[in-house]
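Okay, structure first, notes after.
Note that the numbering runs from 1 along the sequence shown for the chain.
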Amino acid sequence: MVDTATLVVDGKEITLEVSSPSEGQDVINVASLVNEGLFTFDPGFLSTASCESTLTYIDGDQGKLLHRGYSIEQLAEKSNYMELCYLLLRGELPAQSELANFIAAVEKETVVHEQLVDICSTFPPGSHPMGMLGTLVSAMSAFYHDGLDINDPDQRMQVAIRLLAQIPICAAIVFRHHMQKERVDLRPGLSYADQFYHLMFSESNDSEVDPILSKALDQIFLLHADHEQNASTSTVRLVGSTDANPYGCIAAGIAALWGPSHGGANEGVLKMIAEIGDESRIPQYIKKAKDRDDPFRIMGFGHRVYKNFDPRAACVRATCNDVLDRLGIKDDPILEIAKTLAKIAREDEYFIERRLYPNVDFYSGVILRALGIPQDYFTVIFAVGRTAGWIAQWHEMVSDGYKIGRPRQKYTGPRQRDYVAIDQRS
């Protein structure tokens with residue numbers, strides 16, 4: 001028996017089908033309302049399920065994040081980014097040989113076109129790294145377009161592997177250009193995170209990779225890999241619904257992620273701490289944050305989806321301490337402010353009552369600062385990790401039947417009126 005809901009409009013009853021997911025809230029199918037001359041109105045899509053997906057589930061009230069049914073806590077403790085990429089794309093955890101073959105396929109695609117490097121070299125000093133990364137990924141759509149058939153699952157998987165391989169390379173090229181440092185060569189045999197760490201920070205081709213620091217990057221990638229239908233993921237799906245080139249779809253996701261209300265949040269954490277400036281000024285800014293009439297807000301605390309705690313933050317907090325200990329950072333005023341703020345949030349009743357807990361952006365911002373990464377590059381790191389989710393979401397959508405996205409609107413402009421000649425207008 002199919003569950004139904006009844007909507008009454010002007011005395012007319014409209015029956016709508018109700019379906020139950022494997023996890024989460026029941027869903028009312030309102031697709032038939034257009035036949036009744038009606039639309040739903042849901043600004044920000046807060047109550048709208050825009051698609052059906054098997055990838056990621058979030059229960060914000062319980063602080064639960066699952067990828068293909070596996071909790072983020074278990075994945076952060078026992079897995080790594082490459083294994084999670086396989087899980088998102090293939091649906092199951094890999095056997096050892098399957099993971100080895102997947103990693104080998106990614107390594108095979110790590111050499112980017114020199115023309116992309118040339119494009120990066122043309123950016124003037126001061127160019128924002130997200131603008132540069134988005135441009136390079138968009139340019140990939142020009143290099144990889146001939147004969148691309150998105151309806152072929154093998155070609156879709158090749159696209160996924162190439163993006164996983166080349167976006168971190170492009171990100172490292174952008175970083176080196178941004179920091180005005182010479183590039184180093186790829187080193188065969190390094191793990192995904194070790195290779196990225198090497199390309200970012202090594203002073204020479206044979207520099208040692210710090211395992212604690214590269215592991216921290218791997219965990220940041222893993223924790224940011226996918227987060228259900230957020231703004232950038234929804235953008236990738238919407239652009240993908242037009243059958244657009246997949247590299248262009250991911251570039252659109254990068255553009256959406258750039259916003260300070262989305263991927264730019266961890267950059268906002270450090271800007272806020274810089275504004276505070278000194279530990280002695282923290283009480284003053286806590287008071288400002290509690291004042292409803294003051295525009296100042298504590299960044300990196302609380303979350304739009306998670307109502308009690310961000311499970312990703314709990315995973316990365318210990319890693320944050322490991323990084324600070326490994327680097328011997330004990331007197332950086334910015335990081336001291338961050339640690340004090342985190343302590344206050346755990347003890348102050350104002351923060352506790354309002355569930356303003358440190359989220360993943362807070363701790364990842366502290367880690368990236370400790371690694372010496374500039375604030376305006378933070379979101380690039382986020383984009384590298386989120387590539388797995390974007391491409392898995394695109395792959396899932398294209399694998400199933402789908403329609404071009406076409407939201408409707410509530411029009412509140414003028415009614416139809418007649419054109420008046422310019423010499424007759426008062």
Under the side chain to side chain contact (heavy atoms under 4.5 Å, CB included) rule, what do M130 and V380 come out as? Steps first, then yes or no, please.
-> CA-CA 6 Å; M130 281 295 280; V380 172; 3.8 Å; yes

Could you please spell out the steps behind the salt bridge (charged side-chain N to carboxylate O under 4.0 Å, His left out) verdict for K343 and E347?
-> CA-CA 6 Å; K343 184 174 185 294; E347 299 173 355; 3.1 Å; yes

Steps toward ring pair (Phe, Tyr, Trp, His ring centres under 6.0 Å) verdict (H224, Y81) = CA-CA 10 Å; H224 287 88; Y81 183 66; over 10 Å; no

K307 and D61: salt bridge (charged side-chain N to carboxylate O under 4.0 Å, His left out), yes or no, with the steps?
-> CA-CA 5 Å; K307 304 306 180 186; D61 292 333; over 6 Å; no

Determine, step by step, whether E203 and K181 satisfy the salt bridge (charged side-chain N to carboxylate O under 4.0 Å, His left out) criterion, reporting the C-alpha distance in whole Å, the side-chain angles of both residues, the deciding distance to 0.1 Å, and the verdict.
-> CA-CA 9 Å; E203 295 300 326; K181 297 176 68 174; 3.2 Å; yes

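Aromatic ring centres of Y357 and F301: separated by at least 6.0 Å. You'll find the ring centres of F143 and Y247 outside the 6.0 Å limit. Here H303 and H227 bring their ring centres to under 6.0 angstrom of each other.
If you check the side chains of D376 and H178, you find a donor sitting under 3.5 Å from an acceptor. Counted by atom type alone, S232 and N230 present one or more donor-acceptor pairs between their side chains at under 3.5 Å. Using modelled atom types and a 3.5 Å distance limit, the side chains of N321 and Y363 yield no donor-acceptor pair. Q393 and D226 share a donor-acceptor pair across their side chains, judged by distance under 3.5 Å alone.
Ring-plane geometry between Y377 and F175 is classed as perpendicular, the angle between the planes exceeding 60 degrees on a 0 to 90 degree scale with a lower cut at 30. Under the 30°/60° scheme for interplanar angles, the aromatic rings of F221 and Y192 are found to stand perpendicular.
The CZ atom of R162 lies 9.5 Å from the CD atom of Q155; values are rounded to the nearest 0.5 Å. With rounding to the nearest 0.5 angstrom, the NE2 atom of H262 is 10.0 Å from the CG atom of D361. Put simply, CG on L199 and CZ on R176 are 7.5 Å apart, with the number rounded to the nearest 0.5 Å.
By the neighbour-count criterion of 12 heavy atoms within 6.0 Å, atom CD of E23 is densely surrounded, having more than that number from other residues, nucleotides or ligands.
Within the structure, every pair that satisfies the salt bridge (Lys or Arg N to Asp or Glu O under 4.0 Å) test and touches residues 227-237, not counting sequence neighbours, is listed here: R237-E396.
With a 6.0 Å cutoff to the six-membered ring centre and a 45° limit on the axis angle, R346 does not count as a cation-pi contact of F351.
Across all non-hydrogen atoms, the minimal contact from I329 to A370 is CD1-CB, 3.7 Å. Contact between L163 and M140 at its shortest, heavy atoms only, is CD2-CE, 4.3 Å.
Counting only distance, with no hydrogens or angles, the side chain of E83 and the backbone of L93 share no donor-acceptor pair below 3.5 Å. Looking only at distances, a side-chain donor or acceptor of D42 sits under 3.5 Å from a matching main-chain atom of S47.
Every residue meeting the salt bridge (charged side-chain N to carboxylate O under 4.0 Å, His left out) condition with D210, not counting sequence neighbours, appears here in chain and number order: R326.
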